[in-house]
Amino acid sequence: MLEFVISCPDELRYKKAFAGAIRKSQREYYITMAHTSQSKSAGAKPDLRAIGRRIRQIRGFEMRQVELAQVLGITQAQLSKYERGRNVPSLELLLKLKHFSGKSIDWIVSGEG
């Protein structure tokens with residue numbers, strides 16, 4: 001818990017900024033805030049480049065981006081962004097890739113499974 005003491009007559013400004021966390025004592029305002037830190041594993045982000053490499057691996061060298069994009073129901077530009085790790089593939093797209101390739105969604109996302 002963090003607590004700040006502010007001596008300021010402008011109570012409204014602080015009430016807006018710290019909704020409900022203010023106690024008033026004469027001319028001082030006490031602002032209480034809870035501070036929580038997240039471990040790196042709790043907010044782990046997917047490695048989009050690695051996902052893109054696995055999507056590229058699913059496509060193989062015999063198939064062009066346009067052809068796989070048609071199978072997946074997306075544009076070639078969208079597929080290119082997924083393969084380069086620029087966009088996060090939706091669950092719907094992951095399911096389509098799973099059905100097309102026979103690979104698990106776990107493998108597509110994490111390389112495991």
Side-chain angles (χ1 to χ4, degrees):
M1 252 339 157
L2 300 174
E3 187 167 279
F4 301 95
V5 178
I6 300 171
S7 296
C8 177
D10 191 3
E11 181 180 6
L12 287 177
R13 181 168 48 144
Y14 291 104
K15 277 190 176 177
K16 287 180 182 177
F18 301 100
I22 296 179
R23 298 188 327 268
K24 183 178 177 184
S25 173
Q26 296 178 356
R27 300 191 116 223
E28 293 180 333
Y29 298 91
Y30 294 86
I31 300 171
T32 305
M33 299 170 53
H35 176 72
T36 58
S37 62
Q38 294 180 348
S39 66
K40 289 187 178 184
S41 63
K45 294 184 179 179
D47 183 353
L48 296 182
R49 285 188 170 171
I51 293 171
R53 284 191 298 271
R54 287 186 283 275
I55 292 172
R56 173 65 178 95
Q57 187 176 344
I58 288 171
R59 180 166 60 90
F61 292 101
E62 303 81 33
M63 184 177 273
R64 296 182 359 215
Q65 281 184 339
V66 171
E67 296 166 343
L68 180 58
Q70 287 174 344
V71 169
L72 299 174
I74 60 175
T75 66
Q76 180 273 328
Q78 287 174 308
L79 180 59
S80 175
K81 289 177 184 176
Y82 293 131
E83 287 187 2
R84 290 183 290 134
R86 302 275 189 234
N87 285 356
V88 179
S90 66
L91 180 57
E92 181 182 358
L93 182 72
L94 292 172
L95 287 169
K96 288 179 181 180
L97 283 166
K98 174 188 175 213
H99 292 294
F100 174 77
S101 68
K103 304 280 187 181
S104 71
I105 291 178
D106 287 340
W107 181 82
I108 297 169
V109 172
S110 67
E112 301 172 1

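Of the inter-residue distances, the one linking Ile55 atom CD1 with Leu94 atom CG reads 7.0 Å to the nearest 0.5 angstrom. Between atom CD1 of residue Ile74 and atom CG of residue Leu68 there is a gap of 7.0 Å, rounded to the nearest 0.5 Å.
Scanning for salt bridge (charged side-chain N to carboxylate O under 4.0 Å, His left out) contacts around Arg59 gives Glu83, with sequence neighbours left out. Applying the side chain to side chain donor-acceptor pair (under 3.5 Å) criterion to Ser90, with sequence neighbours excluded, gives no partner residue. Remark: Val88 engages Leu48 in a side-chain contact (heavy atoms from CB on, under 4.5 Å) (not counting sequence neighbours).
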Evaluate the criterion side-chain contact (heavy atoms from CB on, under 4.5 Å) for residue pair Tyr82 and Leu93; output intermediate values, then yes/no. CA-CA 10 Å; Tyr82 293 131; Leu93 182 72; 3.3 Å; yes
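For the pair Leu79/Val66, no side-chain contact is recorded, criterion being any heavy-atom separation below 4.5 Å from C-beta on.
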Would you list the atom pairs, donor with acceptor, under 3.5 Å between side chains in residues 95-106 and any protein atom, with sequence neighbours excluded?
{"from": "Lys96", "atom 1": "NZ", "to": "Leu72", "atom 2": "O", "distance (Å)": "3.0"}
{"from": "Ser101", "atom 1": "OG", "to": "Leu97", "atom 2": "O", "distance (Å)": "2.8"}
{"from": "Ser101", "atom 1": "OG", "to": "Lys103", "atom 2": "N", "distance (Å)": "3.1"}
{"from": "Ser104", "atom 1": "OG", "to": "Trp107", "atom 2": "N", "distance (Å)": "3.0"}

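For residues 47-58, there are no side-chain hydrogen bond (donor to acceptor under 3.5 Å, both in side chains) pairs, not counting sequence neighbours. Within the structure, side-chain hydrogen bond (donor to acceptor under 3.5 Å, both in side chains) contacts touching residues 68-78 (residues at least two apart or in different chains) are Gln65-Gln76, Thr75-Gln78.
No continuous path of hydrophobic side-chain contacts links Phe61 to Val71 [ILVMFWY only; heavy atoms under 4.5 Å].
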